[in-house]
Amino acid sequence: MTMHPDPERAWFVDAHWATLVQRVKMVMPIVDELRSGGMMEWEPYCKIREANTNQEKMRELYEVLHSGGDKVKSAFYSRLEKHEPCLFRALGSIAQTAEALIESLNKYKKWIQREYEYVTEYNSLPGEYVLLSERYTQPLIIMRHREKREREEEMCSVGGSFQQLLISRNNVDKDSSILDALFSVDNKGISPCSVILQGNSGNGKSFTTQKIMLDWASGNLHREEFDCLFHLKCKELNHISGEQSLAELLSHNTNLTSDQISQILQRSPEKVLILIDGFDELKFSYSDTSNMPKLNHVSEKAPPEASLKALLRGHILSESFLLVTTRSTATETLGGLLKHPQCFTEIIGFSEKEVEEYFQRFFQNEELFRKAFECVKANETLITACSIPVICWIICTVMRERFSDGADVTSGLETTTSIYVDFVSTLLKYHCQGLNQSVPILLSSLGQLAERGMLEKQVLFEEKSMHETVSNPADSPFLCRFLFKRRIRQETMFSFMHLSFQEFFTALYFISLAERDFLDKLTERFHSQTQSYLALYLDEKFPLKYGCPEPHFLPVIQFLCGLSHKEVSSSLKEMHNLSVPSFVQAQLEEWILHVSSCRDYNFLPFILHCLYELHEKAFVQKAMEAWQELDMSWDPLSRTDCWALLYCLDCCPHFRNLKLNFAAEELKMLQPVLCRTPELELTVQNFSDTDVTDLLSALGEGKRLRELRLNSSCLSDESVQHVLNALHKQKNVGGLQIAVKSISADTAHILTDFLQTKAKWEEISLRTDDAESLCSSLRLFSFEGKLVLNVVKWCSGLQNEPSLSEIILKCPHSQASSINVKSFLQAFHSVNCITEESADFDRQVDALLSQLPSVSGLSAINLSVPVLTEAWASRILFLVESCPRLAVISFDAGSKGSKGAEWLPGVLMEEGIKLLKESSKRPECIVNIRGFRCSKSSDRCTHHTKQIEELSCNQRVTIEFCGEKCTEDIKSKLELPDMN
């Protein structure tokens, strides 16, 4: 019997195999013909003949068909048609089978669309559901194992630095589909048939598989090689008893029969993708699989663990594709079971961008979304924790409830601690099935592990040390398991999801201790630097009172404050039977009051955070009374700092004095507090034109504005005008410093008008990086009761050295209106647009200096010029004679470097010095000149060079001329400036 292989006939046999096993009666006649046709060896022929029933004979026969491939299956098809015509007709033709299969597949897709379009949330009531599209946000996915160093970096980072790390790790293009990324060809040109998708509890593994299934059924899956997808939920497999074939296992999550699934799988297994969700949740043991039956067909019945193992190994459906999700605790086991080539990937959660997208999808309302997101964005700890998608859900759910209750958004979230408590409760309820110990024991063991890590300053724990505190770390949803390469072997380590969770569990452990144990542990952390003289000032009743906590332990104290909050502590009691002893809050409050009474500004931001976590208004007012002035101006406040400050000052609406340094984006948040505070000193970072309205609203009227610094800004003239107008409305203004786009003629005109007013101010300073600007820096300030105008053009290099780097004028405040700032700056700019060698240079300098005699009461002038020439000496003499009230004129040879940060020294030429010596001068006016003077008798240095200080012939000198008298002070070039 000669038979050519026919794939369609072979598929027909596979597709109907489950039915054939049960219904074929003429087994031996078919087997005899296959044997006589050379399709079967003697040994399998004997096995089939010795089988007791037709079903057993057919199962033995499949071994032959499977090993013989399409050729033997095609021969079997022909013999089946001959010996079982009735059965053959009942099964239908190949075309009929294929048509029926397509119809079944279409119905299956519609079923998936209905079933997978919605999700039921943890707190959903019966009949409640939400659309998957309102919740699912694609997380960041990494396509490799991370190194130990990377894990530690991520564990210890928060806020912006954490976001940067996440973004740098992600290597899945969000514009492509997840499957395109997961099954892409690697750098060796190999495309995987099995993909491990690892992720921590609550990181969105199940949502991701649901989204993939829905995209396929809806026709939104761009990867065309997958004709059919199936979804196995491991949590459901645990409840299946008895023997079932793979086709039957897959049918539990479809509207298809096992026969239909068998047909689909056998028709084109290379176009089938099976999603296996939650491998870590399986209760099967794969430590010893030697006794499991070896399966060859999707319709063969076996214990569920054997059917699943055959699929994972590739014994069944070897050509199909697998995507398996798991927590890190089961990745090593899964990797050993899974067929090759395989690929490891990991969901690392949300960056801030995905958090924002999630919030937007959740609220479906722009105003509520923006309020909620800005609230969370303000808290560095929470925006970091929001990398875990389930925490995003918890926060959104809590805030939606607050908004629906009419809560003011400025009250924000209750506390950071409350969110962590909700997270722990969620994982304990929904991700701890089959836990073999009580919740208090689990939390206590995790707390002891966390405390050990805090004491030893470690975030990764070796596997061998884990069992000292946690009996079964692989079962805990709060721990992550990692494999690292170490020399020639692998090393297993565990960690909490993030350092903040380690800190939280440490605090949770402390509240479970007896009072004496609690105080002993906390006292050690508060007094670690003062053990030798602790007895001298330790308060026996409140041992923490005079302590100074270790810096790395501060977050634990903050969580302890949060756990003492009444609502949080009652939630712990109700849900987990955990009580927070009253002595915890009493001890912490006594320490906070002591620090506040001492006005220890080093602890001020931290104290505000502790008060925020305690959320006890009466105590907040009591603690804040001690701070007559809040000075937080030394470093820019973080968003979290601003949020804590806002809450504390809302509790104390009559606070009178604030010194703050913060980013412009926090203006809206802080506006209510700034509006009602009568005395302010503000430094605002990254300020722009778009922030002016918020600033003006915050300043209001009638304030004592000690200082207003608008840093890293680039304001337009219009914005400068608005800010200056706001100064008119204040009682007095100490100083105003602004970075502007350019100092133009319009800017100068604005300042000229401002000088005509009677506004009270001490300093106005404008700076710009615009090289085309009239000047680089313009300052108006009070000094020794006089008004000082300081104009600077920075030098960007010797090739671009300004002809006149700086000019300073001093006159009485009452004569400020006599200075035409616009005309003066334009003349200053004209001088610096040309070089001293230019034919027009003298005219431009004369035009500038001729304006000075018209400044009433001008008493002092400072000039900074690269070189003192005879011409410049002559100009100095002109100013001495033409400005009758001029008492001092100073000339510095040199230029101010980039942004005024350095000084480029210049030369005093002998002909200039000689002219000043020999010329008659008013004795009431002192002339000072400073710079380097060449001591050579001939071939003297005449030009400004970088090496001027290094040449041995040059001396740094100061020469003073007073009438006919001349004194010279020679300074060593190695002499250091007076640091006092």
Side-chain angles (χ1 to χ4, degrees), residues 374 378 410 599 601 604-605 608 624 627-650 652-716 718-741 751 754 759-768 777-782:
E374 290 301 328
T410 57
R599 297 182 197 169
Y601 279 99
L604 176 55
L608 296 179
M624 293 294 288
W627 304 90
Q628 296 178 1
E629 172 184 279
L630 284 187
D631 185 354
M632 304 179 76
S633 60
W634 52 92
D635 284 318
L637 297 175
S638 67
R639 289 182 186 139
T640 324
D641 296 333
C642 290
W643 200 258
L645 173 68
L646 180 64
Y647 167 75
C648 292
L649 291 178
D650 276 344
C652 307
H654 304 298
F655 209 84
R656 300 193 57 80
N657 196 328
L658 287 177
K659 294 182 180 179
L660 303 179
N661 182 344
F662 55 88
E665 62 183 341
E666 319 303 351
L667 263 171
K668 273 192 189 303
M669 183 199 303
L670 294 174
Q671 187 174 311
V673 164
L674 298 177
C675 277
R676 65 171 181 258
T677 305
E679 195 164 334
L680 295 173
E681 181 177 320
L682 304 179
T683 301
V684 187
Q685 309 291 342
N686 305 316
F687 194 82
S688 68
D689 289 331
T690 57
D691 302 309
V692 171
T693 302
D694 291 332
L695 175 67
L696 300 185
S697 299
L699 291 179
E701 300 180 11
K703 287 185 171 42
R704 297 184 185 277
L705 190 59
R706 292 183 182 178
E707 197 85 35
L708 176 61
R709 305 179 191 90
L710 306 179
N711 291 347
S712 307
S713 57
C714 203
L715 294 191
S716 64
E718 183 181 4
S719 293
V720 173
Q721 178 77 71
H722 288 316
V723 173
L724 290 176
N725 288 343
L727 300 189
H728 288 304
K729 301 175 183 178
Q730 312 309 323
K731 284 184 179 179
N732 55 43
V733 178
L736 172 66
Q737 298 179 23
I738 313 177
V740 295
K741 291 178 181 176
L751 277 179
F754 182 75
K760 296 179 180 179
W761 54 274
E762 294 180 14
E763 177 181 359
I764 297 174
S765 174
L766 307 180
R767 295 162 67 96
T768 182
S777 170
L778 171 61
R779 289 180 67 208
L780 288 159
F781 60 96
S782 294

Participant: Write out all pairs satisfying side chain to side chain donor-acceptor pair (under 3.5 Å) with one or both partners inside residues 692-704, taking only residues at least two apart or from two chains.
Facilitator: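 Sorted result for residues 692-704: K668-D694.
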
Participant: Can we say E707 and K659 salt-bridge, meaning some charged N sits less than 4.0 Å from an Asp/Glu carboxylate O?
Facilitator: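 So E707 does not pair with K659 through a salt bridge.
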
Participant: Would you call Q737 and L708 a side-chain contact if the rule is heavy atoms closer than 4.5 Å?
Facilitator: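 Not in contact.
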
Participant: If you count heavy atoms of other groups shown closer than 6.0 angstrom to CD of E718, is the number above 12?
Facilitator: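 Result for CD/E718: open.
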
Participant: Locate the shortest heavy-atom distance separating C714 from K741; write the atom from each residue and the value.
Facilitator: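 In terms of heavy atoms, the two residues are closest at O-CG, 2.9 Å.
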
Participant: Specify the closest pair of heavy atoms between C652 and M624, including all atoms of both residues, with the distance to one decimal.
Facilitator: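 Heavy atoms of C652 and M624 come nearest at SG-CB, 3.4 Å.
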
Participant: Are side-chain heavy atoms of L682 and L674 found at a separation under 4.5 Å?
Facilitator: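 They are in contact (side-chain heavy atoms under 4.5 Å apart), so the answer is yes.
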
Participant: Show your reasoning for whether salt bridge (Lys or Arg N to Asp or Glu O under 4.0 Å) applies to R676 and D650.
Facilitator: CA-CA 10 Å; R676 65 171 181 258; D650 276 344; 3.1 Å; yes

Participant: List the residues meeting side-chain hydrogen bond (donor to acceptor under 3.5 Å, both in side chains) with S765, not counting sequence neighbours, and say none if there are none.
Facilitator: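 Once residues adjacent in sequence are excluded, S765 has no partner under the side-chain hydrogen bond (donor to acceptor under 3.5 Å, both in side chains) criterion.
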
Participant: Please report the closest heavy-atom contact between D689 and S719, naming both atoms and the distance.
Facilitator: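 The answer is OD1-OG, 2.6 Å.
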
Participant: Do N711 and T683 have side-chain heavy atoms sitting under 4.5 Å apart?
Facilitator: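 Yes. Closest side-chain heavy atoms under 4.5 Å.
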
Participant: If you compare all heavy atoms of V740 against all heavy atoms of T768, which two are closest, and at what distance to 0.1 Å?
Facilitator: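 Scanning both residues, the minimum pair turns out to be O-OG1, 3.2 Å.
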
Participant: Report yes if some heavy atom in the side chain of L680 is under 4.5 Å from a heavy atom in the side chain of T677; otherwise report no.
Facilitator: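 Result yes, sub-4.5 Å side-chain heavy-atom pair found.
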
Participant: Quick one: does any side-chain atom of D641 pair with a main-chain N or O of S638 as donor and acceptor, under 3.5 Å?
Facilitator: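 Yes, because the side chain of D641 sits within donor-acceptor range (under 3.5 Å) of the backbone of S638.
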
Participant: Taking E665 first and then R639, would you say they form a salt bridge - that is, a charged N and a carboxylate O separated by under 4.0 Å?
Facilitator: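 The answer is yes: the pair qualifies as a salt bridge.
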
Participant: Check the pair M632, L604 against side chain to side chain contact (heavy atoms under 4.5 Å, CB included), reporting the backbone distance first and the verdict last.
Facilitator: CA-CA 8 Å; M632 304 179 76; L604 176 55; 3.5 Å; yes

Participant: Taking the side chain as everything from C-beta on, heavy atoms only, tell me whether W761 gets closer than 4.5 Å to L780.
Facilitator: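 Of all side-chain heavy-atom pairs linking L780 with W761, at least one is under 4.5 Å.
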
Participant: Between L727 and L705, is there a side-chain heavy-atom distance shorter than 4.5 Å?
Facilitator: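 Contact flag for L705/L727 side chains = yes.
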
Participant: Under the side chain to side chain contact (heavy atoms under 4.5 Å, CB included) rule, what do N661 and W634 come out as? Steps first, then yes or no, please.
Facilitator: CA-CA 7 Å; N661 182 344; W634 52 92; over 6 Å; no

Participant: To the nearest 0.5 Å, how far apart are CG in L645 and CE in M669?
Facilitator: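 Output value for this atom pair is 10.0 Å.
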
Participant: Between I764 and F754, does a side chain to side chain contact (heavy atoms under 4.5 Å, CB included) hold up when you go through it step by step?
Facilitator: CA-CA 10 Å; I764 297 174; F754 182 75; 3.0 Å; yes

Participant: Without swapping roles, check the side chain of E681 against the backbone of S633 for a donor-acceptor pair under 3.5 Å.
Facilitator: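 No, E681 side chain to S633 backbone: no donor-acceptor pair under 3.5 Å.
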
Participant: What closest approach, in Å, do A664 and V684 show between heavy atoms, and which atom pair accounts for it?
Facilitator: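 Residues A664 and V684, closest heavy atoms: CA-CG1, 3.6 Å.
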
Participant: Is there side-chain contact between R779 and S777, with heavy atoms separated by less than 4.5 Å?
Facilitator: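 Yes, their side chains come closer than 4.5 Å.
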
Participant: How close do S688 and L715 get, counting heavy atoms only, and between which atoms?
Facilitator: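 Distance-wise, the nearest heavy atoms are C-CD2, 3.5 Å.
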
Participant: So do L658 and D631 actually touch side chain to side chain, heavy atoms under 4.5 Å?
Facilitator: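 Sidechains of L658 and D631: no contact.
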
Participant: Rounded to the nearest 0.5 Å, how far does CD of E666 lie from CG of L646?
Facilitator: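 Interatomic distance, L646 CG to E666 CD, rounded to 0.5 Å: 11.0 Å.
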
Participant: Once you round to the nearest 0.5 Å, how far does CZ of R706 lie from CG of N732?
Facilitator: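 Going from CZ on R706 over to CG on N732, the span is 10.0 Å.
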
Participant: Give the C-alpha distance, both sets of side-chain angles, the deciding distance and a yes or no for side chain to side chain contact (heavy atoms under 4.5 Å, CB included) between L630 and L649.
Facilitator: CA-CA 10 Å; L630 284 187; L649 291 178; 4.0 Å; yes

